[in-house]
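Encoded as structure tokens, the structure appears first; notes follow it.
Since this is a predicted model, take the numbers as computed values, not measurements. Residue numbering restarts at 1 for every chain, and letters A, B, ... go by the order of the sequence lines.
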Amino acid sequence: MPIRNAEIAEFFKKVADLLEIDGANPFRVRAYRTAVRTISSLGHEISELIAHKDLTNLPGIGKELATKIKEIVATGRLSKLEELEKRIPPELHQVLKLPGLGPKKVKVLYDQLNIRSLPELEKAARREKIRSLAGFGKKSEERILEEIEQRGQGKERIQWIVGEKVAASFIEYLTAQPSVKQIDMAGSFRRRQETIGDLDILVSCDTPAQIMALFIRHEDVQRVIAQGNTKSSVILRGGMQVDLRVIDSQSYGAALHYFTGSQLHNITLRRLARQMGLKINEYGVFKEEQRIAGQTEADVFAALKLPFIEPELREDRGEIQAARQGRLPELVTQDDIRGDLHCHTDETDGHHSVEEFARAAAQMGYEYIGITNHSQHLRIARGLDPEGVKNLIKKIERLNQKLDDIVIFKSMEVDILKDGTLDLPDSILKELDFTICSVHSDFRLPRQTQTERLIRAMDNPYFTILGHPSGRLINQRAAYAVDLQRLIAAAAERGCIMELNANPDRLDLDDVHCKIAKEFGVQVAISTDAHWLGHLSYMRLGVNQARRGWLEAKDVLNTRGVEELRKYFRR
DNA sequence: GCCGTTTTCGGCCCGACTGTTTTCAGTCG
């Protein structure tokens, strides 16, 4: 079984950790971390690229790392890592993960007290052996014990939609202060990442000290990590971290850009600035000592002779180069969306009638809605048998006569069975406008078998959209083993469509594969998979993800009108 | 260890906060 990108990245992650503890050149460490990032976000399997592509064309991969990748792919081992592990215990990397302990301190703990694991660290701290080490004191010893106790609590990245509620509460709370002139969310939240580690809030106001004091008194704050004149950090009950940064109006745009990140985007942009003889920091763009931009983000980009780059693109995945070459995508927006093609009604496991869904969709300004109930194989959802489907088709046809401001598409979410056949006979499928075909069973097939199962399903002429293509549930269940890129290529050949399921637990396709679908010319259908009317609003989450995947309106199926859709449905 | 419109060597993003210090190193984002 060929080695996966995630495994190659894991090798380099370990090397970076151990090199850091070893006191290696920090830029060398960074090179390994850059490679981890490049490899993880690739979307293509390196083990497949390796035969016909020069790996040094990948950003951050040079001759040395290319050689090491080849070694890993060929042997499943990395001699560099094995050599490091002889000198430095590999378990030390869990000590390194503890907040407040970096490579230098971990090294001291290991050299002086032979601490190589968290239990050993805890024991030493309880015996008050750490406070006397150089660079440590009573407070750092207490902090270590505190962090060990809290480890695992609320450290998981949270879904964007959960962050959205907390963000709204802080914005409302701080905006009530009249001295606040500008306020924005920054960080991964603003980049609309599917999960976020913390929340970053940026404020400009006349009374920084007062805002800081107000901030740490928010009712959800459990513990204050840091409090300064311009920057404070707190932990909320439940474990989420929130950072507040206060900045002058004249630097607001530069700070918003800086705190929006991503870090790698910032590094690449700063490197570009240096090449132009400029310097960027959170206070502005500087030529010599003089600030030449900073009030708005657009000013900052303009100073670097770049058009505005949308926050969702700022991941150092080629957006800066695209901006320089004037080929940034014009990202799809919620306003471009003309309908929702995936919802479940009370015929099966949904909680509202077809008519209720249709009227709700019309009220949202949609032109159409697709009713996609489960098929018979999915017993737990009371999936429909052929007779049930026929009845539903009749009901929808009657409603289409009655309602004149919305088109209801006759559809089903059809199970893809273990052998790749579909769960309803063609004689029924041909009566539908389109199908969503999904995997709800046999998640654990080997990668190649799973991939071929899905391609076989696509061979059915009535297959339209592949539902939640990877099957992953965020923070709950990994994707099933499947070669998504091969599926996308197969979809391109057959005129099939990939779903971007907008349910906050799914967001499936992910951003990387949206971009690959676009490169293959495969349409993406952004759908909510609604079981309640309220779920129809998940569309915004799907649009967020699509934007992160560089999709434009023309790449998204449901930005098209009814007649154009029918052409796609006919393949 | 990577990279090059100035460079194949010598740089590599940049600043805030904390704790342990008597002027700063380490950590973090």
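- Applying the ring-ring contact (aromatic ring centres under 6.0 Å, His included) test to A:Phe520 and every residue at least two apart in sequence or in another chain returns nothing.
- Judged by closest nucleotide on DNA chain B, A:Lys231 is the one of A:Leu96 and A:Lys231 placed further toward the 5' end.
- Within 4.0 Å (heavy atoms only), A:Lys107 reaches no atom of the nucleic acid at all.
- Nucleotides of DNA chain B nearest to A:Phe136 and A:Met276 differ in position, and the one nearer the 5' end is that of A:Met276.
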Would you give me the side-chain donor-acceptor pairs under 3.5 Å for residues 159-167 of chain A, sequence neighbours excluded?
residue	atom	partner	partner atom	Å
A:Gln159	NE2	A:Asp505	OD1	2.8
A:Trp160	NE1	A:Phe189	O	2.9
A:Glu164	OE1	A:Arg540	NH2	2.6
A:Glu164	OE2	A:Arg540	NE	3.2

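- B:dC12 sits 13 Å from B:dT7 when the C1' atoms are compared, rounded to a whole Å.
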If you apply the rule side chain to side chain donor-acceptor pair (under 3.5 Å), what do you find for A:Glu71 with A:Ser79, and how did you get there? CA-CA 8 Å; A:Glu71 182 191 346; A:Ser79 48; 3.1 Å; yes

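- Backbone-only engagement by A:Gln227 is indicated by non-hydrogen atom pairs under 4.0 Å involving sugar-phosphate atoms exclusively.
- Near DNA chain B, meaning a heavy atom under 4.0 Å from it, residues 21-35 of chain A has A:Asn25, A:Phe27, A:Arg28, A:Arg30, A:Ala31, A:Tyr32 in order of number.
- For the salt bridge (Lys or Arg N to Asp or Glu O under 4.0 Å) condition, the pairs that include at least one residue of residues 225-254 of chain A, sequence neighbours left out, are A:Asp220-A:Arg237, A:Arg245-A:Glu282.
- The stretch residues 252-274 of chain A touches DNA chain B through A:Tyr258, A:Gln263, A:Ile267, A:Arg270, A:Arg271, A:Arg274, each having a heavy atom within less than 4.0 Å of the strand.
- With hydrogens and angles left out, the side-chain atoms of A:Glu319 and A:His265 include a donor and acceptor closer than 3.5 Å.
- Nucleotides B:dT23 and B:dT18 place their C1' atoms 15 Å apart, quoted to the nearest Å.
- Rounded to the nearest 0.5 Å, atoms CD1 (A:Ile50) and CD1 (A:Ile8) are 7.0 Å apart.
- Taking the ring centre of A:Phe301 as origin, the terminal cationic atom of A:Arg314 falls outside the region bounded by 6.0 Å and 45° from the ring axis.
- Two rings, from A:Phe170 and A:Phe215, have their centers less than 6.0 Å apart.
- Residue A:Lys80 is out of contact with every strand shown, counting any heavy-atom pair closer than 4.0 Å.
- When the P atom is used for both B:dT27 and B:dT21, the distance is 15 Å, rounded to whole Å.
- Seen from the ring of A:Phe136, A:Lys105 counts as a face-on cation partner, given the 6.0 Å and 45° thresholds.
- In this structure B:dC24 sits in a base pair with B:dG19, meeting the Watson-Crick or G-U test at under 3.5 Å.
- With both ends at atom C1', the span from B:dC2 to B:dT8 equals 12 Å, rounded to whole Å.
- Only the P atoms considered, B:dC13 is 16 Å distant from B:dT5, to the nearest whole Å.
- Other residues, nucleotides and ligands contribute over 12 non-hydrogen atoms within 6.0 Å of the NZ atom of A:Lys181.
- For DNA chain B, the span of nucleotides reached by chain A at under 4.0 Å from its heavy atoms goes, 5' to 3', from B:dG1 to B:dG29.
- At a cut-off of 3.5 Å, with distance as the only test, no side-chain donor of A:Ser470 or A:Arg506 sits close to an acceptor on the other residue.
- The residue from A:Glu146, A:Glu147, A:Glu141 that alone fulfils the side chain to side chain donor-acceptor pair (under 3.5 Å) condition with A:Arg143 is A:Glu147.
- A gap of 12 Å separates the C1' atoms of B:dG11 and B:dT6, to the nearest Å.
- Spacing of P atoms, B:dT22 relative to B:dA16, comes out at 23 Å, to the nearest Å.
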